[in-house]
Amino acid sequence: MDSKYNLVGGKSCPKFPTKKPATVVNFGSSTKKARLDQRPTEVTKLGPGTLLQQRKSLPVYGVRNRLISEIQKHSTVIIIGETGSGKTTQIPQFMHEVRLDKNGIIGITQPRRVAAITLSQRVSQEMNTDCGAIVGYTVRFEDVTSECTKLKYLTDGMLLREAMLDTLLMSYSIIVLDEAHERTVHTDVLFGIVKQAQALRDEKLLKPLKIVVMSATMDVDHFSDYFGSVPILYLEGRQHPIQVFHALHRQDDYVFSCLVTIFQIHQDAPANQDILVFLTGQEEIEAMARSIRLIVKDLDGKCPCLKVYPLYSSLPSHQQLDVFRPTPQGMRKVILSTNIAETSVTISGIKYVIDSGMVKVRTHHPGTGLDVLKVQRISQAQAWQRTGRAGRESSGFCYRVYTFQEFDAMLKNSIPEIQRCNLTNVVLQLLALEIDPLTFNFLDKPPKELVNGALQQLKQLGAIDTVEGTKLTEMGHQMALFPLDPRFSKILLSAKDYGCLEEILSIVALLSSESVFVIPPSKREKAVAAHTKFFSSSGDHITLLNIYRSFSAVTQKKQWCHENFLNMRNLQYASEVRSQLAELCQRCKMQMSSCNQNVDQVRKCLVTGLFMNIAELQRERQYLTVESRQIVAIHPSSVLYSLHPHCVLFTEVIQTGSCYLRQVSQVDPEWLRDIVPEYVQQHRLLTLVS
DNA sequence: ATTGGCGGA
């Protein structure tokens with residue numbers, strides 16, 4: 001298969017068919033030692049002696065001196081390491097021990113907050129210091145560093161924010177871009193920023209910047225080429241062998257095939273060997289959970305007791321935590337998960353992985369402004385990532401519900417997010433750094449249409465003067481200060497003109513968080529009834545405002561959220577976002593203001609940033625978007641779903657089955673003529689407003 | 001007539 005694969009892991013064996021009854025899904029196998037990415041090490045409470053022993057037993061420890069000398073010799077290196085190699089915790093310590101950091105900081109980026117926090121806690125424990133002293137972390141809302149911090153774990157997004165203040169990142173002597181294979185938008189932009197900073201610092205004879213890229217991918221030449229053929233160092237991991245099976249025949253229903261496979265395994269495997277199944281979404285997972293529970297009833301006594309655990313991000317946290325409880329003796333867990341279990345969540349004790357080979361992917365279409373959420377085939381790299389989830393404690397098995405030929409036809413690597421998402425924010429950030437997004441040295445260039453679409457929208461919002469121009473207006477500079485979609489930043493900055501900053505802050509904060517509504521399937525009617533008292537007939541935005549106003553007024557927040565079927569965690573997050581935004585507004589010298597009960601002001605203010613998102617009722621329930629002439633419908637979760645007003649403003653349009661408008665408010669077409677007269681003229685919207 | 005993969009500032 002892939003030659004590099006064999007370098008890191010064990011030997012590849014020829015695959016052979018297994019003898020199974022013809023009524024089941026037939027698999028062929030090939031024994032492989034899975035290639036894996038690095039997960040944050042769990043913080044375990046241990047004495048200092050044991051900690052040192054643990055450190056010394058890590059594979060990376062044995063090659064310490066070679067690693068140091070390579071990193072010392074080269075200004076940029078790529079390090080490929082398997083899970084359990086200890087690269088993320090040890091290599092920064094090694095560099096610090098020999099003072100490679102000199103008079104600067106070693107910054108280590110992570111795609112996720114929890115990883116940055118737990119890693120820095122682990123490393124400060126290993127170095128026998130308090131977290132926040134020599135070792136610290138910086139994530140949104142939380143900065144646990146001090147004057148003496150030398151090893152700083154931070155989210156990639158945080159380092160990008162720091163680059164906004166200093167493009168040369170002068171406080172750092174070494175930057176480690178960890179988990180680079182995940183290719184988050186933030187890491188991808190950082191690639192270019194860090195490379196530019198390194199070159200400029202050399203050019204200006206400033207202190208040099210060393211770059212270390214850490215990844216688990218097979219496609220490492222790509223990273224190396226980007227920096228000009230820099231050395232690649234491979235690290236051994238501590239991964240157990242995993243036997244991989246492919247379906248011998250093409251399956252036409254991957255959900256059903258997964259279900260069949262679960263029971264094939266369940267009937268043969270000893271108790272306490274758990275199964276992890278990768279599926280694509282909440283609905284699919286809940287449906288399969290119901291099927292399994294029904295089938296289990298008919299199996300009585302013949303097999304170990306089988307317990308089903310759904311796992312997806314919108315699941316309340318206490319239900320997510322259930323997954324981590326060890327399986328009771330004589331039982332078996334089957335976890336039905338989205339790709340959350342691929343990277344974000346690590347479950348111990350998994351012996352079997354069943355891979356549907358599918359994933360839900362969001363793709364932005366700049367011409368129509370439409371986001372499409374579609375089920376697609378995964379990439380080979382992703383398939384290996386899933387496979388690896390079976391071999392964390394001991395040897396394991398992975399059943400791929402697709403043939404080897406289908407595997408072979410998959411993309412080697414997934415399309416990076418930067419090539420398929422809305423780039424308005426990225427482009428605004430680059431322009432704020434005086435970087436031309438059309439010539440920026442991306443690791444992988446996004447399609448021209450995405451960059452142009454972003455420039456177009458920034459021009460509409462008044463952030464730039466001309467689409468060709470790369471200079472921000474005063475408005476654009478202010479917008480770039482906010483950690484928001486530029487349309488929301490625009491609304492926030494307009495709020496002073498409408499005297500409703502208090503209200504807009506609450507709404508924008510809630511739009512930045514996940515849904516606050518909790519609707520357990522078993523208590524659906526009760527939950528909806530509880531939500532109804534917050535509903536506003538003018539739409540979802542004012543409904544969100546009503547919720548936030550009530551939330552901030554009550555003292556017993558936990559109980560209140562429970563009674564009203566609202567998600568406490570998401571409301572608290574929104575409240576943190578709100579404080580941060582309020583502080584930024586204050587820094588922009590904006591006066592606080594409130595429209596109290598005159599909430600029409602709020603909807604008018606929303607128009608200043610979302611005027612391109614207007615839709616008009618065509619016939620019953622069918623709307624037409626004014627700018628892109630798309631046929632759409634209001635999302636069933638909207639309070640306007642059954643009211644269908646003549647003219648609405650929407651926050652986003654997403655195609656799942658049909659095209660749906662989400663977060664919708666009724667607006668008076670007359671407002672458009674007052675608020676965005678040029679836009680109305682340009683788009684000949686006079687029929688709408690007359 | 002009927003519903004939201006995962007992160008992050």
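Values in this document were obtained by computation on a predicted structure and should not be read as measured data. Proteins get letters first, then strands, A, B, ... in listed order; numbering begins at 1 in each.
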Participant: Considering only dG8(B), dC6(B), dT3(B), which nucleotide approaches the side chain of His635(A) most closely?
Facilitator: dT3(B)
Participant: Of all the choices, dG5(B), dT3(B), dG7(B), which nucleotide is nearest to the side chain of Arg112(A) once you look at every atom?
Facilitator: dG7(B)
Participant: Who are the side-chain hydrogen bond (donor to acceptor under 3.5 Å, both in side chains) partners of Gln376(A), not counting sequence neighbours?
Facilitator: none
Participant: Output yes when at least one side-chain N/O atom of Thr338(A) is less than 4.0 Å from OP1 or OP2 of dC6(B), else no.
Facilitator: yes
Participant: So which nucleotide from dA9(B), dG5(B), dC6(B) ends up closest to the side chain of Ser344(A)?
Facilitator: dC6(B)
Participant: Check whether any side-chain N or O of Thr387(A) sits under 3.5 Å from a backbone N or O of Cys398(A) as a donor-acceptor pair, and report yes or no.
Facilitator: no
Participant: Hey, which sits more toward the 5' end of DNA chain B by its nearest nucleotide, Ile519(A) or Thr138(A)?
Facilitator: Ile519(A)
Participant: Looking only at side-chain atoms of Ser637(A), point me to the closest of dA9(B), dT3(B), dC6(B).
Facilitator: dT3(B)
Participant: Take atom CD of Glu284(A) and atom C1' of dG5(B), then tell me their distance rounded to the nearest Å.
Facilitator: 11 Å
Participant: Regarding Glu342(A) and Gln382(A), is there a side-chain donor-to-acceptor distance under 3.5 Å anywhere?
Facilitator: yes
Participant: Considering only dT3(B), dA9(B), dA1(B), which nucleotide approaches the side chain of Arg113(A) most closely?
Facilitator: dA9(B)
Participant: From CG of Asn422(A) over to C1' of dG8(B), roughly how many Å is that when rounded to an integer?
Facilitator: 15 Å
Participant: Which pairs count as salt bridge (Lys or Arg N to Asp or Glu O under 4.0 Å) when at least one residue sits in residues 513-525 of chain A, sequence neighbours excluded?
Facilitator: none
Participant: Look at the side chain of Asn339(A) and decide which nucleotide, out of dC6(B), dT2(B), dA9(B), has an atom nearest to it.
Facilitator: dC6(B)
Participant: Look at all strands and tell whether Thr184(A) reaches a base, only sugar-phosphate, or nothing, counting heavy atoms closer than 4.0 Å.
Facilitator: nothing
Participant: What's the closest nucleotide to the side chain of Ile340(A) if the choices are dG7(B), dA9(B), dT3(B)?
Facilitator: dG7(B)
Participant: Testing the 3.5 Å rule here: is there a donor-acceptor pair between the side chains of Ser379(A) and Ser414(A)?
Facilitator: yes
Participant: On the 0 to 90° scale, with breaks at 30° and 60°, tag the Phe517(A)-Phe535(A) ring pair as parallel, tilted or perpendicular.
Facilitator: perpendicular
Participant: Whole angstrom is fine here: how far is it from CZ in Arg524(A) over to P in dT3(B)?
Facilitator: 10 Å
Participant: Identify whether any heavy atom of Leu484(A) sits under 4.0 Å from a base atom; if not, whether one sits that close to sugar-phosphate; answer base, sugar-phosphate or nothing.
Facilitator: base
Participant: Could you walk me through whether Phe650(A) and Tyr623(A) satisfy the ring-ring contact (aromatic ring centres under 6.0 Å, His included) test, starting with their C-alpha distance in whole Å, then the side-chain angles of each, then the deciding distance to 0.1 Å, before giving a yes or no?
Facilitator: CA-CA 11 Å; Phe650(A) 55 91; Tyr623(A) 284 80; 9.4 Å; no
Participant: Under 4.0 Å from any atom of DNA chain B, heavy atoms only: list the residues of residues 571-582 of chain A that qualify, in numerical order.
Facilitator: none
Participant: Under 4.0 Å between any heavy atoms, over every strand shown, what does Asn425(A) touch: base, sugar-phosphate, or nothing? Just pick one.
Facilitator: base
Participant: Let me know the distance between CG of Leu428(A) and C1' of dA9(B), rounded to the nearest Å.
Facilitator: 13 Å
Participant: Rounded to whole Å, please give me the gap between CD in Glu179(A) and C1' in dC6(B).
Facilitator: 14 Å
Participant: How close or far is atom P of dA9(B) from atom CD of Glu514(A), stated in whole angstroms?
Facilitator: 13 Å
Participant: Classify the nucleic acid contact of Tyr641(A) as base, sugar-phosphate or nothing, counting any heavy atom under 4.0 Å across all strands shown.
Facilitator: base
Participant: Quick one: Arg569(A) CZ to dG7(B) P, roughly how many Å, whole number?
Facilitator: 9 Å
Participant: Can you tell which of dA9(B), dA1(B), dG5(B) lies closest to the side chain of Arg621(A)?
Facilitator: dA1(B)
Participant: If I take atom CG in residue Leu511(A) and atom C1' in nucleotide dA9(B), what distance separates them, rounded to the nearest angstrom?
Facilitator: 16 Å
Participant: On DNA chain B, does the nearest nucleotide to Thr155(A) precede the nearest nucleotide to Gln282(A) from the 5' side, or the other way round? Give the residue.
Facilitator: Gln282(A)
Participant: Taking the six-membered ring for Trp, are Phe440(A) and Phe442(A) parallel (under 30°), tilted (30 to 60°) or perpendicular (over 60°)?
Facilitator: perpendicular
